[in-house]
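Throughout, a chain's letter reflects where its sequence line sits, starting with A, and its residues are numbered from 1.
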Amino acid sequence: MSANARPTSPHLQIYRWQIQMVASILHRATGVALAAGTILLLTALLALASGQPAYTAVHAFCASWIGTLLLLGWTWALAFHFVNGIRHLLQDLGWGLLPAQFVRSSWIVSISSLALTVLVWACVLAQRGGV
Amino acid sequence: MNELRTPLKKALGLGSARQGAHHFIVQRLTALALALLALWFLWIALNVLHLDYAGARALIAYPLNALLMLTFIIMAFWHAQLGLQVIIEDYVKPAGSRLSLQIAVKFLCFLGAAMGALAVIRIALGH
């Protein structure tokens with residue numbers, strides 16, 4: 001047996017999906033998404049620095065359906081990474097490390113990230129004055 | 001059991017990579033800073049959405065907002081680099097692409113932070 005064909009430890013496909021696993025995977029995935037999302041933040045800041053035409057273009061992109069979809073996804077990614085990040089910081093302090101607490105806090109962050117996203121977009125739509 | 005580490009080695013606590021818990025600590029410090037800054041950032045983002053060009057520029061140019069935006073950008077790219085580094089260490093096996101990716105992420109994160117900082121400074125100084 002060559003070195004490359006050696007048996008490996010069980011990976012994702014072998015495990016039953018659990019909420020703790022989902023929270024852990026999503027923390028990394030949203031982290032990568034947020035890193036990519038900084039492109040939009042940089043674009044907006046550079047446009048704001050460079051002048052009105054560039055800023056108007058960025059504003060139009062954000063108002064388009066693809067821009068809105070990206071902003072919606074980015075809002076949830078930020079909400080999840082924020083709430084789950086606080087959970088991780090509390091766990092680093094030794095809080096909530098028992099399996100039952102771990103499962104419960106994973107559910108809490110998952111649901112509250114969605115609630116936060118809805119809340120933020122409710123504010124956006126209320127300010128805009130409808131959909 | 002044999003104790004192979006010298007007392008000095010144990011006291012320094014730097015491990016085999018000579019970095020100790022530095023990465024772990026900085027990742028959490030930047031996380032704490034970003035958790036606080038995210039609340040301010042949300043407030044700014046919700047306000048900017050409904051302002052015209054001059055209004056948005058004035059909001060970011062306001063000294064406290066410019067300062068916090070600059071801090072937010074530096075912390076965000078620092079935190080992103082630390083997080084992406086761990087993800088690459090975990091999932092990218094071939095040594096060549098692993099090293100290239102780590103270098104690319106470090107360069108891009110620094111470039112992003114510098115670009116954002118320059119933009120905020122230009123806005124703040126009105127150039």
Under 4.5 Å from any heavy atom of chain A, what part of I60(B) do you find: side chain, backbone, both or neither?
side chain
Max heavy-atom pairs within cutoff under 4.5 Å with chain A, candidates I73(B), I123(B), L32(B), goes to I123(B)
With a 4.5 angstrom heavy-atom cut-off, is it the side chain or the backbone of L49(B) that approaches chain A, or both, or neither?
both
Quick one: does I88(B)'s side chain get under 4.5 Å of R98(B)'s, heavy atoms only?
yes
When the 4.5 angstrom heavy-atom criterion is applied to L51(B) and chain A, the contacting part is backbone
Greatest number of heavy atom pairs closer than 4.5 Å to chain A - which of C109(B), A45(B), A80(B), A56(B):
A56(B)
Output the option from L34(A), L45(A), T38(A) having the highest count of non-hydrogen pairs under 4.5 Å with chain B.
L45(A)
Whether the side chain of H79(B) engages the backbone of T30(B) through a donor-acceptor N/O pair (distance < 3.5 Å, no angle test) should be reported.
no
Of all of V120(B), L108(B), D52(B), L46(B), which one pairs up most often with chain A through heavy atoms under 4.5 Å apart?
L46(B)
Evaluate whether atom CH2 of W78(B) has more than 12 neighbouring non-hydrogen atoms of other residues, nucleotides or ligands under 6.0 angstrom away.
no
Taking every non-hydrogen atom, the tightest pair across R16(A) and M21(A):
O-SD, 3.9 Å
Check for me, please, whether W65(A) and V124(A) land in the same ILVMFWY cluster - side-chain distances under 4.5 Å, paths through other members count.
yes
What residues of residues 96-122 of chain A sit under 4.5 Å from chain B when you count only heavy atoms?
V120(A)
Measure the shortest side-chain to side-chain distance between N65(B) and W40(B) over non-hydrogen atoms and say whether it is less than 4.5 angstrom.
yes
Is L48(A) close to chain B through its backbone or its side chain, or both, or neither, when contacts mean heavy atoms under 4.5 Å?
both
Take atom CH2 of W95(A) as the centre, draw a 6.0 Å sphere, and report whether it contains more than 12 heavy atoms from other residues, nucleotides or ligands.
no
A76(B) portion near chain A, given a 4.5 angstrom heavy-atom threshold:
neither
Give a yes or no on whether I39(A) and L111(B) share a hydrophobic cluster (residues Ile, Leu, Val, Met, Phe, Trp, Tyr; joining criterion: side-chain heavy atoms under 4.5 Å apart).
no
Quick check: under 4.5 Å, non-hydrogen atoms only, which of residues 112-119 of chain B neighbour chain A?
G112(B), M115(B), G116(B), A119(B)
What orientation do F41(B) and F72(B) show, parallel under 30°, tilted 30 to 60°, or perpendicular over 60°?
parallel
Does the ring of F24(B) carry R28(B) above it, NZ/CZ under 6.0 angstrom from centre and within 45° of its axis?
yes
Which bit of L42(B) comes within less than 4.5 Å of chain A, counting heavy atoms only: side chain, backbone, both or neither?
side chain
Can you confirm whether the side chains of R28(A) and Y91(B) place a donor and an acceptor under 3.5 Å from each other?
yes
Which heavy atom of G83(B) sits nearest a heavy atom of Q27(B), and at what distance?
CA-NE2, 3.7 Å
Linking I/L/V/M/F/W/Y whenever their side-chain heavy atoms sit closer than 4.5 Å, directly or via other members, would V105(B) and F77(B) fall into one cluster?
no
Which atoms of L46(A) approach chain B - backbone, side chain, both or neither, heavy atom under 4.5 Å
both
Under 4.5 Å from any heavy atom of chain B - which part of L41(A):
side chain
Determine, using the 4.5 Å side-chain heavy-atom cutoff (strictly less than), whether L78(A) and V32(A) are members of one ILVMFWY cluster.
no
Is V58(A) linked to L72(A) within one hydrophobic cluster, defined over Ile, Leu, Val, Met, Phe, Trp and Tyr using a side-chain heavy-atom separation of less than 4.5 Å?
no
H88(A) versus chain B, the contacting section by heavy-atom distance below 4.5 Å
neither
With no hydrogens and no angle check, is any side-chain donor or acceptor of Q102(B) less than 3.5 Å from a backbone partner on Q85(B)?
yes
Under 4.5 Å to a heavy atom of chain A? For V48(B) that would be both
Go through the steps to decide whether L26(A) and N84(A) satisfy the test side-chain contact (heavy atoms from CB on, under 4.5 Å), and finish with yes or no.
CA-CA 9 Å; L26(A) 285 180; N84(A) 200 45; over 6 Å; no
Considering only heavy atoms, which portion of A47(A) lies under 4.5 Å from any heavy atom of chain B: side chain, backbone, both, or neither?
backbone
